[in-house]
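Encoded as structure tokens, the structure appears first; notes follow it.
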Amino acid sequence: MQFHHHGYVSHDPRVLPAEGIGLDRPADLPDEMDVLIVGSGPAGMLLAAQMSQFPTVSTRIIEKREGRLELGQADGIQPRSVETFQAFGFAPRIIAEAYNIGWMNFWGPDPEHPENIIRTSRTEDYGYKISEFPHLIVNQARVLDYFAEAALHGPGRIEPDYGVEFLGLTVRDEGAFPVEVRVRQVADGSERTIRAKYVAGCDGARSGVREAIGRKHVGAMAAHAWGVMDVLVNTDFPDWRTKCAINAEAGNILHIPREGGYLSRVYVDLGAVAEGDNRQVRHTPLEDVIRKANEILHPYTLDVKQVAWHSVYEVGHRVTDGFDDALDADRHPRVFLTGDACHTHSAKAGQGMNVSMQDGFNLGWKLGHVLTGRAPQQLLSTYAAERRPVAQQLIDFDREWSSLMARKPEEISDPQELAAFYLGTAEFPSGFMTQYEPSMIVDGSSRQELATGFPLGKRFKSAQVTRVSDGNVQHLGHHARADGRWRVYAFADADASALASWADAVEPLFACFTPQDGDVDAVFDVKAIYQQGHDEFEFTDAPALFRPQTGPLGLTDWEKVYAAAPTVWCQEDIFETRGISREGAVVVVRPDQYVAAILPLNAVDRLSAFLEGALLPAS
Ligand code: FAD
């Protein structure tokens, strides 16, 4: 990470200097604000952490709970989320405390003694080869803690206003703060009205914000119930520390070891819910769930020593009929729905928290851009256009996975089928399948053949390069922070002459979108990747665009020039691993890490047209 560019710091460098609203943030919830986030779950907390990088935007996050979450529901963190944590600066720390899923084993009835289970297959977990980031298990509460820290340590110094409940809202057609929101102070029941320019409904499955804007959850319950418990046990089941899907005569278990070496999450199939049950199944006693788990695991046994948390739920699959309040195409949205507020499904594919966080990531930079004048208001309409199809894909995937998991052994013709589905669909649950359609922020005229390993509209898949200034190996994508900036990767032609001309030509273009009182790279973080070895040319010979002088001291940034030729420390050549043309290419990446454009080095006009469609010139 880079620091000291604002002068020497001796304290924790992750605590960024306060700016804007962060300098004297009011302790109490003010009457007016730019962005009001309702709910501090994974979607809301990520959004708060992102908004903290836009300190001139006043953002508040209200939460009806009195304090931090202690027992979370979600625990499965897909590699895409860990990649996102990297951008927010806490991936190494959360990886260190999490359980890392390397394998998934499958169990079924023993053909000789069907009342007993035997292991039918072992597969590597889906994260392998798909990403350099692991598939983790860690409590949702810890994820929220890390995002809370990122929000507080960002320049905007955002902290949740706990104990404040959202009651309802009205969108007015006039005024600087057109969304009127009724809130209640949980401690004393007092109510008041506050006003915001935009409201993000991150308030979970029973979203009051959704109701207030008249959106409907569409879908149905699947009439199938599961018990779930986080348990500390002694057992003779040999795979207790490996993720397993168990498909027994007596029912099904999805078993997931948890962080810390002892705890496990066990999903126990409670079977079909009788018609007219009217949610009675949700009162199934914990003892029944434990007894059922023992029946399924036969001949192995579970001696449960402590239950940290348990619940019974029915599987439902629902998507909201719209993700914002713009009921007709001419209206700009003012209120947005994210996470469980707009999509709910079963828990067993471990997707809800992950997809909810990506909703927040998608929305955050767009709000930041519009409210700082970097982009036109119509950018906000791309939130619903991009995220609703993702939610629908999630529901479709989860419906298939959860019904496969709930099958009886006699319905399974091939014991390897579940394992094959798990591995075959790996890109989706690991979070990398999302591909946004061409729009004002995904350039449909891109030349995909110039960088085949960076699919347009998909997230930028990192690869290793060597930093020229010090010869250190770096993952190019890991350098990108969730700081609201665009990344532009300029891959050089063989002798770098076209790169030099490109750098000269684009400097005024980038300057046009960059506020004059900020750093020259405040909006575009532009990096060069040469085909040569790092020791074949001097850093100081790179065009000035890649050696900007930033911060109050105007210090040269030494970390924007990279080399691709393999060395003893870095065996891969990014031009090969990502299929980049030896003629060079420019890859533009959005602040949420999705590839926005792929252009030749000589297409500066095209780049200019794309940026003019997506952004506003700096005033
Ligand atoms: P939530 O986490 O529900 O957060 C909403 C927040 O809004 C809450 O803090 C709530 O208190 C607050 N709120 C609600 N109403 C108001 C109001 N009126 N005023 C103020 N605040 C309000 N997902 C995964 O990705 N991986 C998993 O392994 C996984 N396992 C799961 C296991 C179980 C048993 C369950 C039930 C879910 C699981 N999920 C999992 C799903 C995951 O928990 C949710 O998808 C995720 O929490 C949704 O995040 P969110 O931010 O949208 O909403």
Side-chain angles (χ1 to χ4, degrees), residues 29 36-48 60-78 80-81 98-99 101 135-141 143-144 147-148 160-169 181-186 199-212 225-230 243 254 256 258 265-268 282 309-316 318 320 323 336-361 363 387 391 394 398 402 429-431:
L29 189 62
L36 175 70
I37 304 169
V38 181
S40 72
M45 286 308 284
L46 184 147
L47 185 53
R60 303 297 289 216
I61 171 167
I62 58 169
E63 167 57 57
K64 68 181 178 185
R65 246 187 290 111
E66 293 284 8
R68 76 177 273 277
L69 182 74
E70 290 189 2
L71 277 174
Q73 304 166 331
D75 55 5
I77 313 284
Q78 57 183 214
R80 169 64 190 146
S81 294
Y99 174 85
I101 301 187
H135 179 193
L136 301 180
I137 299 294
V138 71
N139 192 323
Q140 178 169 329
V143 174
L144 298 187
F147 276 121
D161 291 290
Y162 287 116
V164 180
E165 186 180 7
F166 168 91
L167 297 178
L169 65 75
V181 181
R182 291 292 301 159
V183 295
R184 175 165 46 215
Q185 211 66 41
V186 174
V199 170
C202 310
D203 50 342
R206 298 202 184 104
S207 171
V209 176
R210 182 182 67 225
E211 201 181 313
W226 290 76
V228 51
M229 50 188 184
D230 285 345
K243 183 179 174 190
L254 177 67
I256 304 176
R258 292 280 302 258
R265 159 81 45 102
V266 189
Y267 291 96
V268 183
R282 296 185 190 195
W309 172 79
H310 73 101
S311 178
V312 172
Y313 65 94
E314 291 167 82
V315 176
R318 299 182 202 193
T320 301
F323 280 25
F336 305 88
L337 299 174
T338 70
D340 278 12
C342 48
H343 44 77
T344 51
H345 44 83
S346 89
K348 289 178 304 304
Q351 295 296 302
M353 169 163 67
N354 294 282
V355 177
S356 301
M357 288 190 289
Q358 294 306 319
D359 289 346
F361 205 9
L363 180 60
R387 293 308 293 174
L394 167 63
D398 186 72
S402 55
S430 53

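All residue numbers in this chain count up from 1 along the given sequence. Note that ligands are numbered from 1 as they come in the structure, with each ligand's atoms numbered from 1 the same way.
His343 and Phe323 have tilted rings, their planes meeting at an angle from 30° to 60° on a 0 to 90° scale.
Of the residues listed (Lys64, Arg65, Arg182, Arg184), the one engaging Glu165 in a side chain to side chain donor-acceptor pair (under 3.5 Å) is Arg184, and it is the only one.
The heavy atom nearest to atom 49 (O) of ligand 1, considering only Gly201, Pro42, Gly41, is found in Pro42. For atom 47 (O) of ligand 1, the nearest non-hydrogen atom from the set Gln140, His343, Lys64, His345 comes from Gln140. The nearest non-hydrogen atom to atom 53 (O) of ligand 1, considering only Gly39, Gly204, Pro160, comes from Gly204. Which of Trp309, Trp226, Tyr162 comes nearest to atom 34 (C) of ligand 1 through a heavy atom is settled by distance: it is Trp309.
To the nearest 0.5 Å, atom CG of residue Leu144 and atom CD of residue Glu70 are 12.0 Å apart. Here the CZ-CG distance, from Arg387 to Leu337, works out to 13.5 Å after rounding to the nearest 0.5 Å. For the atom pair Leu47 CG and Ser40 OG, the distance stands at 12.0 Å (nearest 0.5 Å). Of the inter-residue distances, the one linking Asp359 atom CG with Cys202 atom SG reads 8.5 Å to the nearest 0.5 angstrom. Note: Glu211 CD to Leu169 CG = 10.5 Å, rounded to the nearest 0.5 Å.
Not a single heavy atom of Ser311 sits less than 4.0 Å from an atom of ligand 1. Contact annotation: Met357 has no heavy atom less than 4.0 Å from any atom of ligand 1. Ligand 1 has no atom lying under 4.0 Å from any heavy atom of Val183.
Polar contact with ligand 1: absent for Ala205 (N/O pair, distance under 3.5 Å). Looking at Gly352 next to ligand 1, an N or O pair under 3.5 Å apart turns up. Residue Ala341 has no nitrogen or oxygen atom sitting less than 3.5 Å from a nitrogen or oxygen atom of ligand 1, judged on distance alone. When only interatomic distances are considered, the shortest N/O to N/O separation between Glu63 and ligand 1 falls below 3.5 Å. By the 3.5 Å distance cut-off applied to N or O atoms, Phe166 is counted among the residues near ligand 1.
Listed by number with element, the atoms of ligand 1 under 4.0 Å from a non-hydrogen atom of Ser356 are 48 (C), 49 (O), 52 (O). Of all the atoms in ligand 1, the ones that sit under 4.0 Å from a non-hydrogen atom of Ala43 are 51 (O). Annotation for ligand 1: atoms under 4.0 Å from non-hydrogen atoms of Val164 are 20 (C). Of all the atoms in ligand 1, the ones that sit under 4.0 Å from a non-hydrogen atom of Cys202 are 5 (C), 6 (C), 7 (O). The Arg65 neighbourhood of ligand 1 comprises atoms 9 (O), with distances under 4.0 Å to a heavy atom of that residue. Near Tyr267, with a cut-off below 4.0 Å to any heavy atom, the atoms of ligand 1 are 30 (N), 31 (C), 32 (C). Close approach to Arg265 involves these atoms of ligand 1, each under 4.0 Å from a residue heavy atom: 32 (C). Close approach of ligand 1 to Val228 (heavy-atom distance below 4.0 Å) involves ligand atoms 34 (C).
Asp203 contributes no side-chain N or O that, together with a main-chain N or O of Ala341, makes up a donor-acceptor pair within less than 3.5 Å. Panel note: side chain Asp398, backbone His345; no donor-acceptor pair is recorded below 3.5 Å.
In Arg206, the CZ atom is not crowded: 12 or fewer heavy atoms of neighbouring residues, nucleotides or ligands sit closer than 6.0 Å.
Between Met357 and Val143, some side-chain heavy-atom pair lies under the 4.5 Å cut-off.
Judged by distance alone, the side chains of Thr344 and Asp340 never bring a donor and an acceptor atom under 3.5 Å apart.
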